[in-house]
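Lettering follows sequence order; numbering is per chain, from 1. Quick note: numbers below take in every heavy atom, side chains included, and nothing from hydrogens, waters or symmetry partners.
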Amino acid sequence: MSLVLAGLFILFLLMGLPVAIVIGAAAMSALNLGGVPLMVVPQQMFSGINSFALVAVPMFVLAGDIMAQGEISKRLVAFADSMFGFIKGGLSVVSVLAGMFFAAISGSGAATTAAVGASLVPELKRKGYDPASAASLIAASGTIGVVIPPSVPIIIYAVIAQESVKELFLSGFIPGLAMGVGLIAVALIQGHRRAYPRGTALSLATIGRTLISASWGLMAPLIILGGIFSGLFTPSEAAVVAVNYAVFVSFFIYRDLTLSGLYRIVLRAGVTTAVIMFVIAASSVLSWALASWQVPGAIASFALSLSGNIYVLLILIMALILITGVFLETASALIILTPMLLPLAAQLGIDTVHFGIIIVVGLAIGMVTPPVAINLFVASTTANVPIERIARAVLPYLLVLIVVYILIAFVPLLLAL
Amino acid sequence: MLKVLEWIDRMVGAILGPVVFVGMVALTGVITLQIVSRVAFTSVSWTEEVARFLLIWITFLGATLAYQQGRHIAVTLLRDSLPDRLRRIVSGAGMLVAIAFLATLAVIGWRYMGMQSFQKSPSLRMSMGLVYAVMPVCAAIMAGLSVIDLVRLLAGQEPRSVAATPEVPQ
């Protein structure tokens, strides 16, 4: 029956049906053929999304969208520029750094890419940076958006794996920083080779001025993350605090948000969320079916029969995650892969929190690998550069992200020895 | 005929937009109330339950709106690379699959709602049937939208384009 399920899944997917319908229709058909009463379908769909932790998904999407559109992101970029603009090719460093700042506010890769891209691309073009390469770097930095907390994929993983969102958030910091450092290193080498210009001269006065000007934006991560880690708010509550804060700052401090603008942003965030949540609902049926046919266990024993070596198996798992991320959008891939791979990870003795980081970082890298590469699409639209050129220019950044990915996966295991 | 169907299609979008907006605002408001009441007074007990139910409604209503706007995530690469005639056949077959799934979902969702309607939610004492009603309603609307798509396809028009990526945040 699981073969029927897999066959229908691939068939429907290739027909170009929406992923949620693909999953739901494949699972429902297989359950029906297997003689399972279909009442399990609505039951699982509701229980999959009837979760207070998932409330954080629409709220972090909304907060990120509000903060991406206006002054908040521009001022964060100006602050990063005042610190690192003086280096040769400093604006590249600024792209990555601004991406990391924004990652601490927003939970999505696309919002991070859009925020940094909208504020930086005109400047990058004016200073004579190669547009395709600059846009691809912004897209690559956008992947950090879902690794440094808050992060929508991490919340989804936490709900599926029944792990603490807080703990997973905490484990996202160092991997996110490592990805940033790797990207900055490559950007510096390229800046040197292409003889990119220096930007803003280093001066304490400018740093101080831009710091004050960016302080409303810089305070956002302090409130969001400080609130979560101090135990003042649950992650879902912190997400709502972030929304209120973003609305307050955009409406009353910077006054760059209109009511009709807010309506559009809220509606878009609602639809974006519903798309993800509908996939989660449909996948709950799929996971239930797979679990009742004991597929995850079978996958685990099959993998263990290939090799008993944890390092070999982890490399295989990572390759599977990366390949899935190439063809599927992050949330869908996460929702499908997590329940199938968790038992295997447990048997290998990989900590559930660490495995969450492995799966999220791997799928984040998928945001810059065509054909399904949300960050490249966003960067291509904001920079007005054809996607094919950005896809070629992203290669060095993609390589360094994969190197960092291997380090993120293996260093904690080696340290634990 | 096609004009009427297109009008229905547009109306679905025009009605659902404000509904989803209100849902999102209500979700923000309810949790804001939860935080404020916990910090300032005694905590209100029903906010978490309302938030979960709102999330369920936003999911189904928003998914229906996304369906109308062609915003669901899909892997269209292979289908779009097919020659025109074959592409139309594959699209049509896909619509039939979608209609069959959504119509079934509407029917079993309706039965499920009936089964659960005597159950009351823990803190609000609200009928769970009300919460679960959103599934058959939305599945039926989405099935209807797919039928419109199919009619359009048979009439030789271009199918609703399903965006490979969500709209770019501006």
Whatever's closer than 4.5 Å to a heavy atom in chain A on M113(B) counts as neither
Pairwise side-chain contact, I73(B) with S332(A), heavy-atom cut-off 4.5 Å (strictly under): yes
Go through R111(B), R38(B), Q116(B), M142(B) and name the one with the most non-hydrogen pairs under 4.5 angstrom from chain A. R38(B)
Go through the steps for H72(B) and V279(A) under the test side-chain contact (heavy atoms from CB on, under 4.5 Å), then give the verdict. CA-CA 9 Å; H72(B) 277 283; V279(A) 177; 5.9 Å; no
Using heavy-atom distances under 4.5 Å, tell me whether F12(A) contacts chain B through its side chain, its backbone, both, or neither. side chain
Please flag which part of L232(A) lies under 4.5 Å from any non-hydrogen atom of chain B: side chain, backbone, both or neither. backbone
Atom group of M39(A) that falls short of 4.5 Å from chain B, counting heavy atoms: both
Which residue in the set L54(B), T59(B), L55(B), I58(B) passes side-chain contact (heavy atoms from CB on, under 4.5 Å) when paired with P58(A)? L55(B)
Identify which part of L65(B) has an atom lying under 4.5 Å from any heavy atom of chain A, answering side chain, backbone, both or neither. side chain
Side chain, backbone, both or neither: which part of P18(B) has a heavy atom under 4.5 Å from chain A? both
Highest number of heavy-atom pairs under 4.5 Å with chain A among L78(B), V75(B), T104(B) belongs to V75(B)
Which bit of A269(A) is near chain B, if near means a heavy-atom gap under 4.5 Å: side chain, backbone, both or neither? both
With heavy-atom distances below 4.5 Å as the criterion, would you say the side chains of F60(B) and I49(A) are in contact? yes
Check each atom of S29(A) against the heavy atoms of chain B and say whether the ones under 4.5 Å are side chain, backbone, both or neither. neither
With only heavy atoms counted, which part of L105(B) is less than 4.5 Å from chain A, the side chain, the backbone, both or neither? both
Does a side chain donor of either N244(A) or T28(B) reach within less than 3.5 Å of an acceptor in the other side chain? no
Which atoms of A100(B) are under 4.5 Å from chain A, going by heavy atoms: the side chain, the backbone, both sets, or neither? neither
With rounding to the nearest 0.5 Å, note down the distance linking OG in S236(A) to CZ in R52(B). 11.5 Å
Classify the ring geometry of F46(A) against Y132(B): parallel below 30°, tilted from 30° to 60°, perpendicular beyond 60°. tilted
Can you tell which part of V243(A) gets under 4.5 Å to a heavy atom of chain B, answering side chain, backbone, both or neither? side chain
